[in-house]
Amino acid sequence: MTRRISILGATGSVGLATLDLIGRAEPGQYKIVALTAKTNAAELAKQAIRFEAECVAIADPAAAKALHGALKDYPAIEIGVGEAAVCEMAARDADWVMAAIVGAAGLKPTLAALRQGRSLAFANKECLVCAGALFMDEAARCGTTLLPVDSEHNAVFQVFDPAQRETIRSITLTASGGPFREASREVMAKASRADALAHPTWEMGAKITIDSATMMNKGLEVIEACWLFDLPPDQVDVVVHPQSIIHGLVEYADGSLLAQLGSPDMRTPIASALAWPNRMTAPVERLRLTDIGRLDFQPPDLTRFPAIRLAREAIDAGGIAPAVLNAANEIAVEAFLADRIRFLDIAAGVEDVLERSISDADMPQALTAFEDVFAIDARARQMARDLMVERQTNP
Ligand code: NDP
């Protein structure tokens, strides 16, 4: 039976990897419903033509002309422009939707897809960081199956037996440690954009690559894991594992530690989510343990990587704190990528915003509905922008 598939964030790293798998399938196995992007009209149009998509949506109105031009000979492909169009096409009837927009900007379209009540392959961790309880409640209310795609969460999902939930002691997310795993604070203080983007094991979009360098990515993943697996933060461990071969582990009461191993290639977790509850072939390098030889593990260094501590403090505090953390981090990463602040300013700026948000008169202090999330996100972004300007002018 043909499965109807939509991909939100189709032009990004996860979106491209998803289409790579779909492009290798037998004809008729999948039907592409909607593909969405923010600005990359050329790539979106190319994908829509190749996969005969029913519709495409581009969030940035400035890219509309280019998209219309590139698809002018393909009238069967419906075109939507703007954030509302992305949400509307995300809600089109599909059996499986990949949520791979980066950042909190993905929350509205991901919610629109989730509300269809089918299978949501979930890469956009920022959604769960800023709206965890609301998002999980909405998924339960709509009967949606959430399939974790983040490699660590997908790994845990594969070895987490819900029938044995009472006997699960902890889960562990591994971290490569990023490009600064062994760097001193002095080296990190001078790190350039190019240094921070040079990830040792994974090829990913710019935002998550910087998050990996600060290790905020692992902090966001701890929060994501708490919601996805309904565990308290002290049952979610982080271990630095430079080879990125073991992605996640589940510890059971009998002493068994079950792990998922694989080459660091996102097509494995995506294939696992695409074929779930079955398996499919993925064109990834086979893992040969004797070639790898050894696997190393070390605890994360919370002094050099304060972002993990900040994320843990945010989930412990609850309420608005994770949403503030996420928004401030997105603005700080953006400022670093634009060479406006230094590398160590990212986590320091996030900490400042978190502290100031507690007494900020314009910051909503309750989070009980999605509207609150959007208001908190907007205010935290504004605070972070103001602060980045201060940091920029006082380097
Ligand atoms: P990329 O930056 O490579 O791609 C992001 C995608 O989202 C692009 O298609 C982009 O469009 C689109 N997009 C960006 N902003 C908006 C917006 N405001 N409205 C609509 N669409 C938007 O990101 P990644 O693929 O690396 O990451 C996507 C998500 O998956 C992130 O949440 C990340 O944390 C998570 N993830 C990624 C992994 C990876 O290996 N890359 C691994 C695990 C999780 P355009 O191209 O036009 O800008």
Side-chain angles (χ1 to χ4, degrees), residues 4-25 30-74 76-92 94 96-110 112-113 120-127 149-151 197 199 202-212 265-267 269-271 273-274 283 330 333-334 337-338:
R4 292 171 59 78
I5 306 283
S6 288
I7 303 174
L8 315 180
T11 51
S13 162
V14 172
L16 289 167
T18 309
L19 283 170
D20 179 74
L21 290 173
I22 288 173
R24 294 164 192 267
Y30 302 110
K31 167 75 193 141
I32 296 292
V33 180
L35 299 173
T36 79
K38 181 183 183 189
T39 53
N40 192 346
E43 175 63 28
L44 188 63
K46 197 173 91 185
Q47 296 176 349
I49 295 165
R50 175 172 174 214
F51 290 95
E52 298 177 2
E54 290 179 6
C55 59
V56 291
I58 197 133
D60 183 356
K65 196 170 160 209
L67 186 60
H68 278 283
L71 290 175
K72 68 177 181 333
D73 296 330
Y74 300 88
I77 303 173
E78 191 186 341
I79 299 173
V81 175
E83 193 185 289
V86 173
C87 291
E88 193 272 312
M89 289 185 181
R92 298 272 173 109
W96 188 94
V97 180
M98 167 57 79
I101 293 176
V102 60
L107 182 54
K108 282 183 191 169
T110 304
L120 187 69
F122 192 76
N124 182 340
K125 66 194 84 184
E126 294 92 347
C127 285
V149 168
D150 221 339
S151 57
L197 283 171
H199 197 281
W202 292 97
E203 278 179 38
M204 311 179 283
K207 193 263 179 182
I208 183 175
T209 306
I210 300 302
D211 283 347
S212 299
D265 185 325
M266 280 305 289
R267 289 175 300 180
I270 295 169
L274 187 57
E330 285 192 32
V333 170
E334 202 178 280
L337 283 171

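Residue indices begin at 1 and follow the sequence shown.
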With side chain to side chain contact (heavy atoms under 4.5 Å, CB included) as the criterion, how do T11 and K38 come out once you've worked through the C-alpha distance, each side chain's angles and the decisive distance to 0.1 Å? CA-CA 9 Å; T11 51; K38 181 183 183 189; over 6 Å; no
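- Between T18 and L274, the closest side-chain pair of non-hydrogen atoms is not below 4.5 Å.
- When all heavy atoms are compared, the tightest approach of A63 to A41 is O-CB, 3.8 Å.
- The shortest non-hydrogen separation linking A10 to L19 is O-CD1, 4.2 Å.
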Before giving the answer on side chain to side chain contact (heavy atoms under 4.5 Å, CB included), spell out for K125 and I208 the whole-Å C-alpha distance, their side-chain angles and the decisive distance to 0.1 Å. CA-CA 10 Å; K125 66 194 84 184; I208 183 175; 3.5 Å; yes
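- With values rounded to the nearest 0.5 angstrom, F51 atom CZ is found 7.0 Å from I22 atom CD1.
- Once rounded to the nearest 0.5 Å, the distance linking CG of L337 with CD1 of I210 reads 4.5 Å.
- Side-chain contact check for P283 versus L21: some heavy-atom pair is nearer than 4.5 Å.
- Closest heavy-atom contact between S6 and V33: OG-CB, 3.4 Å.
- Annotation for L120 and A113: closest pair CD1-CB, 3.9 Å, computed over non-hydrogen atoms.
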Stepwise side chain to side chain contact (heavy atoms under 4.5 Å, CB included) check, T36 with V56: CA-CA 6 Å; T36 79; V56 291; over 6 Å; no
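- Of all the heavy atoms in I77 and C55, the pair that sits closest is CG2-CA, 4.4 Å.
- Side-chain contact between I49 and D73 is absent, with no heavy-atom pair separated by less than 4.5 Å.
- Residues satisfying the salt bridge (Lys or Arg N to Asp or Glu O under 4.0 Å) criterion with K207, sequence neighbours excluded, are E126, D211.
- Distance CG/D60 to CG/N40: 11.5 Å, rounded to 0.5 Å.
- A 4.5 Å side-chain heavy-atom check between M204 and S212 finds at least one atom pair inside the cut-off.
- Between E54 and R92 there is no salt bridge, since none of the side-chain N atoms of the basic residue sits less than 4.0 Å from a carboxylate O of the acidic one.
- Side-chain contact check for V149 versus M266: some heavy-atom pair is nearer than 4.5 Å.
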Ignoring hydrogens and angles, write down the donor-acceptor pairs under 3.5 Å from the side chains of residues 96-107, residues two or more places apart or on other chains.
residue : atom : partner : partner atom : Å
W96     : NE1  : A273    : O            : 3.0

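- Side chains of E52 and Y74 form no contact here, defined as non-hydrogen atoms less than 4.5 Å apart.
- Taken to the nearest 0.5 Å, the CD1 atom of I58 stands 11.5 Å off from the CE atom of M89.
- Take K46 and apply the salt bridge (Lys or Arg N to Asp or Glu O under 4.0 Å) test, not counting sequence neighbours, and it matches E43.
- Summarising the local packing, CD of E88 is surrounded by more than 12 heavy atoms from other residues, nucleotides or ligands at distances under 6.0 Å.
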Dump the intermediate steps for side chain to side chain contact (heavy atoms under 4.5 Å, CB included) on V14 and N124, then the final yes or no. CA-CA 10 Å; V14 172; N124 182 340; over 6 Å; no
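- Rounding to the nearest 0.5 Å gives a distance of 14.0 Å between OG of S151 and CZ of R267.
- For the atom pair CG of L44 and CD1 of I79, the computed distance is 9.0 Å after rounding to the nearest 0.5 Å.
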